[in-house]
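Here the structure comes first, spelled out in C-alpha cells, and everything after it is commentary.
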Number of protein chains: 2
Amino acid sequence: MQRRNTQQRRLIYDILSRTDSHPTADWIYERVKRYIPNISLGTVYRNLKVLKDEGLILEISDGKQSRYDARIDDHYHFRCDVCGNVYDIEYDIIEINPKVDQLRRSCGFKVSRFNIEFYGICRSCARGEESEKNN
Amino acid sequence: MQRRNTQQRRLIYDILSRTDSHPTADWIYERVKRYIPNISLGTVYRNLKVLKDEGLILEISDGKQSRYDARIDDHYHFRCDVCGNVYDIEYDIIEINPKVDQLRRSCGFKVSRFNIEFYGICRSCARGEESEKNN
DNA sequence: GTATATGCAAACAATTTGCACGCCT
DNA sequence: AGGCGTGCAAATTGTTTGCATATAC
C-alpha cells in the first residue's frame, strides 16, 4: 500500500518522538489538537497503527489501555503502580542477554523476542507528590 | 470482608486450576456454564477479581483482554504471535534471577516485582496447524 | 437473620469501523 | 485523476456496576 505523508501523521509521530512519557492515544490526541483542532481520535488511532506497522513506534500494553513509544531501540520499562506512568530503563545488554539467550534456547519454543517489565513506585509517588498523569 | 464459599467461586477456581491454557474470562464462563448453566459473565469477572485479590490466581494482561492463571509460583510465559495462546516456561531462577536482580537494584527505581515475557511462534502454529484458541 | 453473592441488563471505556468527503501525489 | 486519509458518529469489545433477589453462614 502506497502511504501518504499527511500533516496528521507527521504531527502524531513528531509529538510522540518528543516525549519520553509513553503516552496513551488520548494524550497524543489532546496534544495534536493544539495544532489541528478538528482532528479526530479515530485518526490518531489509525495513524498510530500505521506507524506501528511500519516499525516506527512501539505499542506498550497497559492492561486496559495502550501506550506508545517512539523509542524503538532496546530498552526496558518501569511502570509505577500508583500513578501508572511508564519510565525507561536502559537495556543492560551485556548482563542480561546471554542469560536470556540461554533460556530462550532451552525453553522449547521458537522465541523471536522478549520483554522485561519492572513494577514498583516511582520517585514522585514515593515522595507523596501528585504526578502528572500521562494518559 | 467476610467471604463466602459459593458454588460459583469454587467451580471457577477449580476449572482454572485444572487448565494450563491461561484462559480468558469468557473461556472460563463457557466452561462453568456446563455445570451452572445460568451463571452470568459478571459473576465470573467478580469472582476472578476476588480470587486475584486473595492471591489465589494471577491476572495476565494480553493487550486488550485479560487472561488468568491459577499457577502462582514463579514461572515465565511464552505467547504465540499467531494463535495468541500462552504457554508456561519453567522459571530458570538460578540463571536469570541474579542478573535481573542486579538490574533492578541499579535501575534507579524501587522495584517490587518484574515480569519477563517471551514471544514467537508455538509448535502447532509452526507446523501450520490450527491451534485451539483459549479465548 | 443478615450481609455477601448472584443474575440480569444497562453502563462504561478503549478502540475500531463505515461512509461520504478531502487532499496528497 | 485516483486513491489513500480524514472527520464524524455509530458500532464493537472487554469489563464493570446498580439493583432486586437468593443464599451461605
Side-chain angles (χ1 to χ4, degrees), chain A residues 1-16 22-54 56-69 79 84-86 133-135, chain B residues 1-16 22-54 56-69 79 84-86 133-135:
Chain A
M1 184 195 281
Q2 174 70 356
R3 293 250 139 89
R4 289 185 191 164
N5 182 20
T6 61
Q7 197 194 162
Q8 287 86 339
R9 182 126 75 225
R10 243 181 291 122
L11 189 50
I12 287 167
Y13 179 67
D14 199 57
I15 285 174
L16 188 55
H22 314 83
T24 60
D26 205 66
W27 186 96
I28 297 168
Y29 171 59
E30 292 300 331
R31 287 299 177 105
V32 176
K33 266 206 290 196
R34 296 177 187 175
Y35 304 93
I36 308 176
N38 69 329
I39 196 174
S40 78
L41 185 53
T43 295
V44 173
Y45 275 108
R46 271 185 291 232
N47 278 308
L48 287 169
K49 177 159 290 181
V50 168
L51 292 167
K52 182 189 166 193
D53 287 348
E54 310 221 301
L56 290 167
I57 67 172
L58 295 175
E59 187 175 1
I60 312 171
S61 147
D62 179 13
K64 180 150 297 190
Q65 279 187 104
S66 282
R67 289 166 170 275
Y68 299 89
D69 194 348
R79 189 188 303 273
N85 288 344
V86 175
K133 298 264 194 313
N134 303 120
N135 53 35
Chain B
M1 183 195 282
Q2 174 68 355
R3 293 248 138 89
R4 287 185 194 167
N5 182 22
T6 61
Q7 195 195 164
Q8 287 86 338
R9 183 128 72 226
R10 244 180 291 121
L11 188 51
I12 287 167
Y13 179 67
D14 199 57
I15 284 175
L16 187 56
H22 312 84
T24 60
D26 205 66
W27 187 95
I28 297 166
Y29 171 58
E30 291 301 331
R31 288 301 178 104
V32 177
K33 266 206 292 197
R34 296 177 188 174
Y35 304 92
I36 307 175
N38 68 329
I39 195 174
S40 79
L41 185 53
T43 295
V44 173
Y45 275 108
R46 272 184 291 230
N47 277 306
L48 287 169
K49 176 158 292 180
V50 168
L51 292 167
K52 182 189 166 191
D53 287 347
E54 310 222 301
L56 290 168
I57 68 171
L58 295 175
E59 187 175 0
I60 312 170
S61 147
D62 178 13
K64 179 150 298 190
Q65 281 187 100
S66 282
R67 288 165 170 275
Y68 299 88
D69 194 347
R79 189 187 303 272
N85 287 345
V86 175
K133 299 265 195 311
N134 303 118
N135 54 36

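Convention: sequence-line order gives letters A, B, ...; per-chain numbering from 1.
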Legend entry - Residue-phosphate contact under 4.0 Å: Asn47(A) side-chain N/O, dT6(D) OP1/OP2: yes
Inset, instruction - Using atom CD of Gln8(B) as one end and atom P of dT23(D) as the other, report the distance to the nearest whole Å. - result: 9 Å
Legend entry - Asn38(A) vs Ile36(A) side-chain heavy atoms within contact, under 4.5 Å: yes
Inset, instruction - Calculate, to the nearest 0.5 Å, the distance between atoms OG and NZ belonging to Ser66(A) and Lys64(B) respectively. - result: 7.5 Å
Legend entry - Reported CG-to-CG distance for the pair Leu56(A) and Asn47(A), which is rounded to 0.5 angstrom: 11.5 Å
Inset, instruction - Search all heavy atoms of Tyr68(A) against all heavy atoms of Leu16(A) and return the closest pair with its distance. - result: O-CD1, 3.6 Å
Legend entry - B/S/- contact track for nucleotides 11-22 of chain D, protein heavy atom under 4.0 Å: ---SBBBB----
Legend entry - chain A footprint on DNA chain C, 5' to 3' - any atom under 4.0 Å from a heavy atom: dA14(C) to dT25(C)
Legend entry - dT6(D) phosphate, OP1 or OP2, under 4.0 Å from Thr6(A) side-chain N/O: yes
Legend entry - Main-chain N/O of Asn85(A) paired with Arg79(A) side-chain donor or acceptor, under 3.5 Å: no
Legend entry - Divergence of helical axes at both termini of the helix from dG1(C)-dC25(D) to dT25(C)-dA1(D) - five pairs an end, 10° steps: 40°
Inset, instruction - Look up atom CZ in Arg10(B) and atom CG in Leu51(B), then write down how far apart they are to the nearest 0.5 Å. - result: 12.0 Å
Legend entry - Heavy-atom side-chain contact between Ile39(A) and Lys33(A) under 4.5 Å: yes
Inset, instruction - Nearest 0.5 Å please: distance from the OG atom of Ser40(A) over to the CZ atom of Arg46(A). - result: 6.0 Å
Legend entry - Test item: Thr24(A) and Trp27(A) side chains (from C-beta on) under 4.5 Å apart, heavy atoms: yes
Inset, instruction - Hey, could you give me the CD/CD1 distance between Glu30(B) and Ile15(B), rounded to the nearest 0.5 Å? - result: 11.0 Å
Inset, instruction - Pick base, sugar-phosphate or nothing for Gln7(B), based on heavy-atom distances below 4.0 Å to the nucleic acid. - result: nothing
